[in-house]
J.: 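Could you have a look at this structure, given as structure tokens, before my questions?
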Number of protein chains: 2
Amino acid sequence: MNSSHFSISLHILTLLDQVKGQLLNSEYIAGSINCNPVLVRKELANLHKYGFVQSKEGKGGGSTLAKNPADINLGDVYRAVKQKSLLGESKNEPNPDCPVGKQITKHLTDLYDEAETALVKSLSSKTLKDFSAGFK
Amino acid sequence: MNSSHFSISLHILTLLDQVKGQLLNSEYIAGSINCNPVLVRKELANLHKYGFVQSKEGKGGGSTLAKNPADINLGDVYRAVKQKSLLGESKNEPNPDCPVGKQITKHLTDLYDEAETALVKSLSSKTLKDFSAGFK
DNA sequence: TCATACTGTAACTATTTTTATTACAGAACA
DNA sequence: TGTTCTGTAATAAAAATAGTTACAGTATGA
């Protein structure tokens, strides 16, 4: 993965867990992360798409967890959040006239998939509840 | 990790393995990768720093593997090549006045380190020889 | 019912990161 | 001694990421 999507998403989920069902608005969350509220809302939209959070519009609105934190594992969060292949979604197009260039994209993809599976497996051994417990 | 350092380095190493000791110059390698020769030379400089390749300057110069491909494992290549933490080296500084913001960087780092260890372990199960054999 | 305070989303700008280009000194070769 | 490389720096271009502004739509409550 890349950039800070995972960090931001996990930060959001941790905050939501800590306040146990209370609604938090994007400005508050952005204040904790120290980033832009719109970025938080975009990240929340994605977390919502994958069923991790619920949001309430309008005055007094905000977001809350849509699941029990013990049922949210970090591997699933990673998968929901990831947008590119792990080790560099090269839009690079190797030379098709070279025997190595011609095949390497496929071989790299296979290698990355395997490595990423190992990564996700490691993340999956922890739930949001576990992670969040470290803050108490 | 990120960007295409690993992809490029592995592409280089694979090419060098395929030609079995022949010297390849940066322009030829760049032609296979379809990128800039200077980028290849920088990547080679790094691979040299970690003892994977040898280079010869001057006319007729180029690079070759400095080790037996069976002794180069992909986890080591990954470690040599990686420059940032895996899941987003956020230069972001969360709010120190928030209980979550204050501690999350450390918790994320620990989590990433563990996940990355799993990733490297997966990559380490393969050598350059194994990888390169897929092209024959 | 109307002012207020949110979400959701788009459009745009700014910043940062990545990649490419140009340039050139120094090395090896013929 | 001209040619062809590496190594490296400086710069420019391109791409990715994050921030900003703006606003329609929704809920709340006075």
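Values below: all heavy atoms of this structure, side chains included; hydrogens, waters and symmetry mates excluded. Convention: sequence-line order gives letters A, B, ...; per-chain numbering from 1.
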J.: Checking side chain to side chain donor-acceptor pair (under 3.5 Å) against Arg41(A), which of Ser26(A), Ser55(A), Ser63(A) comes through?
T.: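 Among the candidates, only Ser26(A) passes.
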J.: So which one's nearest nucleotide on DNA chain C is more toward 5', Lys42(A) or Ser63(A)?
T.: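 So the residue in question is Ser63(A).
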J.: DNA chain D: Arg41(A) or Asn34(A), which has the more 5' nearest nucleotide?
T.: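 It is Asn34(A) whose nearest nucleotide is closer to the 5' end.
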J.: Any side-chain N or O of Asn36(B) below 4.0 angstrom from OP1/OP2 of dT21(C)?
T.: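 Yes, such a contact exists.
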J.: Where is the tightest heavy-atom contact between Leu15(A) and Cys98(B), given as atom of each residue plus distance?
T.: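 Distance-wise, the nearest heavy atoms are CD2-SG, 4.0 Å.
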J.: For Asn36(B) versus Ala30(B), what's the shortest heavy-atom pair and its separation?
T.: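 Looking at all heavy atoms of both residues, the shortest contact is C-CB, 4.0 Å.
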J.: Looking at the side chain of Val38(A), which of dG19(D), dT21(C), dT21(D) is the nearest nucleotide?
T.: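 Looking only at side-chain atoms, Val38(A) lies closest to dT21(D).
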J.: Closest nucleotide of DNA chain C for Gly60(A) versus for Leu44(A): which of these residues is on the 5' side?
T.: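 Its nucleotide being nearer the 5' end, the pick is Gly60(A).
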J.: Less than 4.5 Å apart, side chain to side chain, heavy atoms only: is that true for Phe131(A) and Leu108(B)?
T.: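 Yes, at least one pair of side-chain atoms sits under 4.5 Å.
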J.: Let me know the distance between CG of Leu39(A) and C1' of dT13(C), rounded to the nearest Å.
T.: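 Answer to the nearest Å: 15 Å.
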J.: Closer than 3.5 angstrom, by distance alone: can the side chain of Asp17(B) be matched with the main-chain N or O of Lys129(B) as a donor-acceptor pair?
T.: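 Not a single qualifying donor-acceptor pair exists.
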J.: For the CG atom of Leu65(A) and the CD atom of Gln18(A), what is their distance to the nearest 0.5 Å?
T.: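 Spacing of CG (Leu65(A)) from CD (Gln18(A)) equals 10.5 Å.
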J.: Rounded to whole Å, how long is the line connecting atom CD of Glu43(A) with atom C1' of dT17(D)?
T.: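 In whole Å, dT17(D) C1' lies 12 Å from Glu43(A) CD.
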J.: Expressed as a whole number of angstroms, how long is the span from Glu27(B):CD to dC5(D):C1'?
T.: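 Whole-Å distance recorded here is 10 Å.
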J.: I'd like to know if Leu23(B) and Ile12(B) are part of one continuous hydrophobic network [Ile/Leu/Val/Met/Phe/Trp/Tyr, side-chain heavy atoms within less than 4.5 Å].
T.: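 In one cluster with Ile12(B): Leu23(B), no.
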J.: Below the 4.0 Å mark, does dT18(C) have OP1 or OP2 next to a side-chain nitrogen or oxygen of Ser4(B)?
T.: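 False: Ser4(B) side-chain N/O out of range (4.0 Å or more) of dT18(C) OP1/OP2.
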J.: So which heavy atom on Leu10(A) is nearest to which on Thr14(A), and how close?
T.: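 In this case the closest contact between Leu10(A) and Thr14(A) is O-OG1, 2.7 Å.
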J.: Rounded off to whole Å, could you give me the CD-to-P distance for the Glu93(A) and dA15(D) pair?
T.: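 From Glu93(A) CD to dA15(D) P: 13 Å.
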J.: What is the distance, rounded to the nearest whole Å, between atom CG of Asn46(B) and atom P of dT8(D)?
T.: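 Whole-Å distance recorded here is 11 Å.
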J.: NE2 of His5(A) versus P of dA18(D): gap in Å, rounded?
T.: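 Taking NE2 of His5(A) and P of dA18(D), I get 6 Å after rounding.
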J.: Please work out whether the ring planes of Phe135(A) and His107(B) are parallel, tilted or perpendicular, with thresholds of 30° and 60°.
T.: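 If you compare the ring of Phe135(A) with that of His107(B), the planes turn out tilted.
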J.: Short of 4.0 Å, heavy atom to strand atom, which residues of residues 11-26 of chain B count as contacting DNA chain C?
T.: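 Heavy-atom contacts with DNA chain C come from no residue of residues 11-26 of chain B; none.
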J.: Quick one: does Ser9(A)'s side chain have a donor or acceptor within less than 3.5 Å of a partner on Phe6(A)'s backbone?
T.: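 The answer is no, because no donor-acceptor pair under 3.5 Å joins these two groups.
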J.: Report the secondary structure of DNA chain D in dot-bracket form, marking unpaired bases with a dot and bases paired to a different strand with |, and treating Watson-Crick or G-U pairs with both distances under 3.5 Å as paired.
T.: ||||||||||||||||||||||||||||||
J.: Give me the atom names and distance for the closest heavy-atom approach of Leu123(B) to Ala115(A).
T.: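 So the two residues come closest at CD2-CB, 4.0 Å.
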J.: Short of 4.0 Å, heavy atom to strand atom, which residues of residues 50-59 of chain A count as contacting DNA chain D?
T.: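 Output list: Lys56(A), Glu57(A), Gly58(A), Lys59(A).
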J.: Please find the pair of heavy atoms, one from Lys102(B) and one from Pro96(B), that lie closest to each other, and give the distance.
T.: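 It is CD-O, 3.5 Å.
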J.: Between P on dA5(C) and OH on Tyr28(A), what's the gap in Å once rounded to a whole number?
T.: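 Atom-to-atom, Tyr28(A) to dA5(C), this comes out as 19 Å.
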